Each structure stands twice: as structure tokens, then as C-alpha cells.
Amino acid sequence: SELRRQRIRREVNGLLNRLSYDNIQPIFSSLKTIYMDIDYSANGSPSSISRGDLTQLLSAIILKSCLDCGQTSVLLSVVEPQAALIAGLHVHPKIGDRSNIGA
């Protein structure tokens, strides 16, 4: 449903807003859980959002954050943890091979 889609969008946006070198692991774990749970909604029916949708959402939020930064020093502090997070999601055996992250 659209409500679930909005909830996931807010959750992913919030996770990425808090992303830093110090908390890559817990944010990775949260995103991994979202990817793993995306196939089915809480009532067991197919989800209204696909892994591809989630990957597009993640990409859009990351690109927007890069555009909003402006200053190079701020941009580097944002981009490096995001790149590490994307790399971790891409190589994860249960996420990267099914979500087209990095493809």
C-alpha cells in the first residue's frame, strides 16, 4: 500500500540522514533488514514495494544528499560513508545478488 511505501521512504531517509563513519554497521543492519523483509508485508501478502523500488529510493536519496551538500569538505564526509554502505549492501550474498545494487 502507499502508506507502507511512505513509511519505508521515511525510514530509509532517516537512516541515511544519520549515516556517519561511526554508525555504518547499525545502519547497514537496518537496511539489510528492510531488504530482507521487503518481499512480504506484515500480513504475509506480497509487498507493495519491490527490492528494485527500494534500490531506486536509496539511490535517489543518496544523489539528492550529494546535490544538497555543495561544499567539497561536507560532500566528502557524506559520500564516503554512503559509498561504504552501498559497497556492503552490494557484496552481501542475500541482498546484492537480488537487488541490482551496483549493477
Side-chain angles (χ1 to χ4, degrees):
S1 74
E2 187 59 31
L3 185 61
R4 184 162 191 258
R5 207 178 260 276
Q6 289 175 355
R7 183 190 58 77
I8 290 171
R9 183 180 303 120
R10 281 193 308 270
E11 185 176 359
V12 170
N13 195 45
L15 288 169
L16 291 177
N17 281 339
R18 293 188 303 275
L19 183 63
S20 70
Y21 288 113
D22 296 331
N23 63 6
I24 288 175
Q25 182 59 46
I27 289 178
F28 170 83
S29 295
S30 295
L31 283 171
K32 180 179 77 169
T33 299
I34 294 170
Y35 267 102
M36 300 305 285
D37 291 345
I38 203 81
D39 293 329
Y40 294 95
S41 63
N43 64 7
S45 62
S47 177
S48 62
I49 183 170
S50 69
R51 287 173 177 249
D53 293 339
L54 180 56
T55 299
Q56 286 179 346
L57 172 64
L58 188 61
S59 299
I61 293 170
I62 288 173
L63 289 173
K64 183 177 180 331
S65 71
C66 292
L67 292 173
D68 291 347
C69 283
Q71 295 180 334
T72 304
S73 61
V74 174
L75 184 61
L76 286 176
S77 70
V78 170
V79 170
E80 289 174 348
Q82 289 175 343
L85 180 68
I86 291 168
L89 290 170
H90 176 70
V91 300
H92 191 279
K94 292 185 179 179
I95 298 173
D97 63 335
R98 293 176 25 192
S99 66
N100 295 323
I101 290 179

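Quick note: numbers below take in every heavy atom, side chains included, and nothing from hydrogens, waters or symmetry partners. Everything numeric here is computed off the predicted structure, so don't read it as measured data.
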_Smallest separation among heavy atoms of A84 and I24, with atom names_ =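 That closest heavy-atom pairing would be CB-CD1, 3.9 Å.
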
*asked:* Tell me the closest heavy-atom pair linking P81 and S20, and the distance in Å.
replied: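 Closest approach of P81 to S20, heavy atoms only: CB-C, 4.1 Å.
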
Which distance, rounded to the nearest 0.5 Å, do you find between the [atom1] of [X] and the [atom2] of [Y]?
{"X": "Q82", "Y": "E80", "atom1": "CD", "atom2": "CD", "result": "10.5 Å"}
{"X": "D37", "Y": "K32", "atom1": "CG", "atom2": "NZ", "result": "11.0 Å"}
{"X": "I86", "Y": "F28", "atom1": "CD1", "atom2": "CZ", "result": "12.5 Å"}
{"X": "S59", "Y": "L57", "atom1": "OG", "atom2": "CG", "result": "8.5 Å"}
{"X": "T55", "Y": "L89", "atom1": "OG1", "atom2": "CG", "result": "8.5 Å"}
{"X": "L3", "Y": "I8", "atom1": "CG", "atom2": "CD1", "result": "10.0 Å"}

*Hphob cluster co-occupancy, L58 + M36, side-chain heavy atoms under 4.5 angstrom*: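 In one cluster with L58: M36, yes.
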
*N17 side chain vs G14 backbone, donor-acceptor pair below 3.5 Å*: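 Looks like no, no N/O pair under 3.5 Å.
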
*Below 4.5 Å, heavy atoms only, C-beta onward: do L85 and I62 meet side chain to side chain?*
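Side-chain contact under 4.5 Å: no.
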
*Working for side chain to side chain contact (heavy atoms under 4.5 Å, CB included), residues L31 and I27*: CA-CA 6 Å; L31 283 171; I27 289 178; 4.2 Å; yes

